[in-house]
Structure formats: C-alpha cells, structure tokens
Amino acid sequence: MRRDLDRLANETFDLLVIGGGIAGAAIARDAALRGLSVALLERNDFAHATSAHNSKLIHGGLRYLRNFELGLVRESLRERRTWLRIAPHLVQPLPFLLPVSRSRPLARTALGAGLALYDVLALDRTQPNDPDRRLPHHTWFDAQQAAACEPCLESLPLSGAFRYFDAQMYSPERLALECVLDAARNGAAVANHLNAGSLLLRQGRVAGAQVRDALSGADFDVRARLTIVAVGPWSDEFLAMALGRSPHRLRRSKGIHLLVPPLTRRHALTIATENGHFFVMPWRNGSLLGTTDTPYEGATDALDINEAEIEDFLCLVNAHLPTARLTRGSVRQSYAGLRPLIDNHSGNTYGASRRAELIDYQRRDGVDALFSVIGGKWTTARHLAQKTVDTALQKLGLGRRASASAMHSLPGGDMGSISAFLNEARALGVVTPNVDHIARLYGSRLPRLFVILRERPDLAAALSASGDIGAQIVLAVREEMAMTLEDAVMRRTGIGQEGHPGMTVLETCAAIMAGECGWSDARRRAEIESVAAGFRGAGSQA
C-alpha cells in the first residue's frame with residue numbers, strides 16, 4: 001500500500017472520505033468492498049488521535065443500560081462479535097471482575113439484573129467457531145473466590161464480584177490500519193499526511209476537496225461525486241472552515257489513560273467510584289488505567305495531559321484499590337484522547353449518549369453531496385460505516401449493494417483457531433523474545449515479514465523489550481504507508497507504545513527507515529527529535 005497521489009489528483013471518485021480514523025477507514029473499506037471508487041485522505045497518520053488514544057476495548061457498553069439505551073447495547077454486542085470474527089488476531093475476549101462492596105447490599109441484585117440483561121442482549125456471543133473467541137455468560141464469585149482470582153482485591157470490603165466478558169483490542173492503531181489496507185486492496189486510493197484544507201463548492205454542490213501534501217507541500221484537488229467528513233473531534237471546526245459557517249457543535253470529552261506495572265493477573269477490573277467508574281486492564285506488559293471523562297473546551301489540536309490530572313487519577317485509583325500503591329514514578333506512559341459527542345446541552349459528558357449521527361447537509365444547509373458522521377464509538381464503527389454507505393449508494397443512484405464488511409476477514413484475520421495460529425507462529429522460530437506479540441500484530445500477514453527477513457536476516461533481532469524487530473520497520477515503509485518515524489514507532493509497531501524505548505532504539509529505527517526512504521542526515525535527526533519530543537513531560541501521548 002503506497003500513497004497514490006497521481007490517482008487522487010486525476011480521477012473522479014464516487015466517494016471521498018476525509019479522515020483516516022476508524023470511522024473513515026471503516027467507511028472506505030465498506031464502500032470499496034461494494035465496488036465503489038473511493039478516495040481516503042488523512043491529514044496526519046491513520047488512527048493517530050482518538051482512534052488510538054482510548055481504552056482499547058471492544059465492548060457492549062454495560063453502563064448504557066442505565067440510560068435504557070438497549071438498541072445501542074444490542075448493536076454494540078453484535079459488533080463485538082463481528083470484530084472477534086473478522087480480526088481474531090487483534091481482538092480477543094477479556095474477562096472482567098466487577099467488585100461489589102459489603103456496604104452496598106442492594107448492588108448485587110441490581111448489577112446481577114443488568115448483567116443478566118447484558119447476556120440476553122448478547123444472545124449470539126457463543127456463535128464463533130473458534131472456542132478462543134467465545135464469551136461465557138456472567139458468574140458470581142464470593143469474596144474469597146474473587147481475591148483468589150485477583151489478589152489485589154484482598155484489601156477491599158467485598159461481598160464478592162461478578163465476572164463478565166467483553167473484548168480488547170491488542171492494537172487499535174493496527175486494527176484501523178487493516179481497515180485501510182483492506183480498502184486499498186479492494187481498489188481505494190488512500191493517503192496519509194494529506195490535508196484537506198477546503199471543500200470544492202460548485203453551485204451549492206460539493207465536488208471534492210482542495211488538499212495539500214504535508215510532506216512535499218504540493219497542492220491539488222481531489223474530485224468526487226460525494227464527500228463524507230469523518231474527522232471525529234474536529235468535525236465542527238473543519239466544516240466551519242470548509243463551509244464558512246459552523247453547521248453544528250460537538251461536545252468534546254477528554255479521557256486520559258495511564259500505563260503502569262501489572263496490577264492484576266489476567267482479569268480486568270471495573271471499579272465503581274462516586275462519580276462513575278474506572279478500569280484496570282491487563283495490556284501488553286502492564287496495566288492500563290482508564291479513563292477520565294470530563295468536558296474539554298480547549299483547542300482541539302492542543303490536547304495534552306498535565307501533572308495535576310495524572311496525580312488526581314493516581315489518587316483515585318489508590319483510594320479505590322489500595323493495594324495498587326501507585327506513584328508518579330509508576331507511570332510508564334500516558335496519553336489523552338477526545339471523544340466526539342453529540343451536543344445534548346448537558347454539562348455531564350459521562351452520561352452523554354455514545355450514539356452516532358449521519359448528517360446530510362443538503363437537507364440541513366442546502367449544500368449537496370456532503371455528509372458527515374459524528375459521535376459514535378470504536379465498537380460500532382463498522383456498522384456506522386455500513387449504514388453510511390447504504391445512504392451513499394442511494395444518494396449516488398447506484399441501487400442496493402449488500403455490505404460484506406461484517407463477514408469479510410481483515411487482511412490479517414484469515415485464520416481458524418487463534419491458539420493454533422499462535423502455536424504455528426512459535427514453531428516457526430522467529431528470532432524475537434516475543435513471538436506472540438508479532439503474530440498478533442500481523443495475523444495471517446505474518447509471512448510478509450518473513451519475506452523481508454529472508455532478504456535482511458540482520459533485522460531479526462529484537463529492538464526493544466516489546467519484542468518488535470527491525471524487519472517491521474521495513475514492512476511498515478514498503479507495505480503500510482509509514483511516512484515518518486512516528487508512524488512506524490508509534491502506530492505500525494509496538495516500539496513506542498509502552499513508553500520511551502530509549503534514544504538508541506529510536507536511532508536504530510531511524511537508520512533503518514532512512515535507508516528505505518532515502519532520508520538525509522538532517523531529516524533523520526529531525527525525525528528522531530520529533531518522536532523523542534513526544535515522550536517529554538507529562539503529556540506524552542502513546
């Protein structure tokens with residue numbers, strides 16, 4: 001997959017999708033699978049913001065039951081099963097414990113009823129053929145059983161804990177990337193680092209966008225019969241700039257996450273607090289703490305984390321899980337993301353709906369051939385894409401074409417049993433201390449890495465504690481459109497996702513990438529400094 005700027009500049013597409021997060025990637029994939037000619041543009045890198053900076057969960061939204069959003073929960077649970085089916089290497093079941101305090105005797109009854117309904121709404125959770133992808137129904141553990149599962153709960157005044165299952169993304173960045181890869185292999189023209197500055201308006205109709213290549217500075221037009229804006233938290237700002245007025249307003253909710261040493265054995269924890277809840281989730285070599293949910297009114301491009309936010313979150317975790325005993329030095333990595341929420345004129349973002357909307361600006365503002373998608377959540381992005389393409393087909397007068405995106409495996413997901421696949425990968429003897437890690441990143445695309453290793457056996461050694469190897473950098477450049485060192489280190493591999501890997505590692509990665517891309521020494525040094533700067537201070541974003 002390479003940036004095909006010539007196609008983008010010279011073709012007229014059925015569909016132009018602006019935004020390469022999971023929403024835009026899923027729309028491009030669904031449309032390409034249905035035979036539409038598609039252009040997908042991303043101003044930075046695919047899944048560089050909200051789509052990466054989240055809790056890494058594919059979940060039904062248990063707490064949405066409190067708002068009686070049964071339709072959203074059912075949709076989410078159905079889509080959870082879909083992701084487990086089409087991307088078994090990147091989405092896996094995750095057991096949760098939900099502790100119940102002795103001081104809340106009625107909580108067990110209420111939570112048990114909610115979980116029973118959750119199980120009913122997930123009636124097809126056992127359908128996958130692979131036992132590793134099945135999600136058991138909820139069960140009750142008494143206090144002794146709960147503490148035996150997760151000793152960190154021993155200090156809590158428990159009556160017991162419920163165990164239930166949701167699913168976790170091994171790498172949200174690569175899951176979104178595989179949607180882009182699938183769109184490209186089905187004919188879509190895709191490009192990152194290509195900024196849509198304004199829309200092409202022709203007599204009240206949008207005919208595409210004016211774009212600038214962030215890498216070369218070149219300007220050109222991308223033309224399309226229909227344009228869909230899928231830029232998440234930037235939606236209102238982009239449309240205000242592109243149309244000269246603000247057609248709607250989003251609420252932005254800020255969520256921060258901290259990566260710390262492991263606090264649990266294998267379960268995630270859902271810990272209730274006075275104002276909501278937080279998660280403690282096993283992820284890679286640590287525990288991921290998430291998340292806060294607070295209104296954000298600052299500049300969208302200036303999102304950061306300050307020391308006070310980190311300290312407050314650590315205090316919250318320590319107060320409700322005393323065995324954690326976390327300090328500022330426990331934090332290996334921190335990152336923040338913005339949730340784009342539909343404005344309901346409420347000050348409470350925690351309780352705001354995660355539903356999505358598809359907006360037709362001909363009906364709303366008299367601007368034809370322009371749509372935007374706002375709101376929504378990672379789990380339901382594929383279904384949102386399906387509904388969006390259904391509408392696009394109708395708008396384009398192309399009739400009905402069935403969506404294949406729910407049954408069509410992603411490029412790395414063509415496998416049977418995930419356990420059998422991992423066993424086969426271990427037997428192949430890849431020279432790395434973490435074969436499972438690499439196998440999960442690439443799935444059935446793993447042989448693409450072997451092609452490079454045969455050519456460059458010197459790139460088989462592990463670069464960092466994550467187990468990533470130099471051949472992955474080469475693959476990222478040649479086949480995954482990594483254009484910058486940050487693209488490769490932070491989103492194509494796991495090298496930088498668990499904290500600063502060290503300057504020696506960054507220099508090695510930059511040298512490999514410079515050899516592939518023909519960078520000058522000045523460019524190589526600038527790339528290293530750019531990535532290193534992202535790790536400095538409290539606001540480093542994974």
Quiz item: Is it the case that more than 12 heavy atoms not belonging to R212 sit under 6.0 Å from its CZ atom?
Solution: no

Quiz item: Residues two or more places apart in sequence or in another chain: which of them pass side chain to side chain donor-acceptor pair (under 3.5 Å) with T291?
Solution: R339

Quiz item: Any side-chain heavy atom of T484 within less than 4.5 Å of one from H193?
Solution: yes

Self-check item: Whether H257 and Y335 hold their rings parallel, tilted or perpendicular, with breakpoints at 30° and 60°
Solution: parallel

Practice problem: Would you mind listing every salt bridge (charged side-chain N to carboxylate O under 4.0 Å, His left out) that reaches into residues 276-289, with sequence neighbours excluded? | Solution: none

Quiz item: With D14, which residues qualify under side-chain contact (heavy atoms from CB on, under 4.5 Å), at least two apart?
Solution: L36, S37, R225, L396

Self-check item: Pairing residues for R2 by the salt bridge (Lys or Arg N to Asp or Glu O under 4.0 Å) criterion, not counting sequence neighbours
Solution: none

Would you give me the side-chain donor-acceptor pairs under 3.5 Å for residues 313-320, sequence neighbours excluded?
unit_1: N318; atom_1: OD1; unit_2: R325; atom_2: N; d: 3.3
unit_1: N318; atom_1: OD1; unit_2: L326; atom_2: N; d: 2.8
unit_1: N318; atom_1: ND2; unit_2: L314; atom_2: O; d: 3.3
unit_1: N318; atom_1: ND2; unit_2: L326; atom_2: O; d: 2.9
unit_1: H320; atom_1: ND1; unit_2: L316; atom_2: O; d: 3.1
unit_1: H320; atom_1: NE2; unit_2: E274; atom_2: OE1; d: 3.4
unit_1: H320; atom_1: NE2; unit_2: E274; atom_2: OE2; d: 3.4

Quiz item: How would you list, by chain and number, every residue that makes a salt bridge (Lys or Arg N to Asp or Glu O under 4.0 Å) with D213, sequence neighbours excluded?
Solution: R3

Exercise. Any pair with a residue in residues 193-202 that passes salt bridge (charged side-chain N to carboxylate O under 4.0 Å, His left out), sequence neighbours left out, goes on the list, sorted by first then second residue, please.
Key: none

Quiz prompt | Counterpart residues, ring-ring contact (aromatic ring centres under 6.0 Å, His included), relative to H89 (two or more places apart) | solution = none

Quiz item: Are the side chain of T380 and the backbone of S76 linked by a donor-acceptor contact shorter than 3.5 Å?
Solution: no

Quiz item: Is the shortest side-chain N to carboxylate O distance from E178 to R29 below 4.0 Å?
Solution: no

Quiz item: Are side-chain heavy atoms of L341 and K377 found at a separation under 4.5 Å?
Solution: no

Quiz item: D45: what forms a salt bridge (Lys or Arg N to Asp or Glu O under 4.0 Å) with it, not counting sequence neighbours?
Solution: R491, R492

Quiz item: Got a sec, which residues hit ring-ring contact (aromatic ring centres under 6.0 Å, His included) with H383, two or more places apart in sequence or on another chain?
Solution: none

Quiz item: Looking only at atom types and distance, does a side-chain atom of S55 sit under 3.5 Å from a main-chain N or O of L57, one as donor and one as acceptor?
Solution: no

Self-check item: Sidechain N-carboxylate O distance under 4.0 Å for R185, D182
Solution: yes

Self-check item: Side-chain donor-acceptor pair present, T300, E237, cut-off under 3.5 Å
Solution: yes

Self-check item: For F278, ring-ring contact (aromatic ring centres under 6.0 Å, His included) partners two or more places apart
Solution: none

Quiz item: Between N306 and A308, is there a donor-acceptor pair closer than 3.5 Å when you use the side chain of the first and the backbone of the second?
Solution: yes

Self-check item: Polar side-chain atom of T379 near backbone of R80 as donor-acceptor pair, under 3.5 Å
Solution: no

Self-check item: Contacts of type side-chain contact (heavy atoms from CB on, under 4.5 Å), residue A268, not counting sequence neighbours
Solution: L94, F96, M281, P282

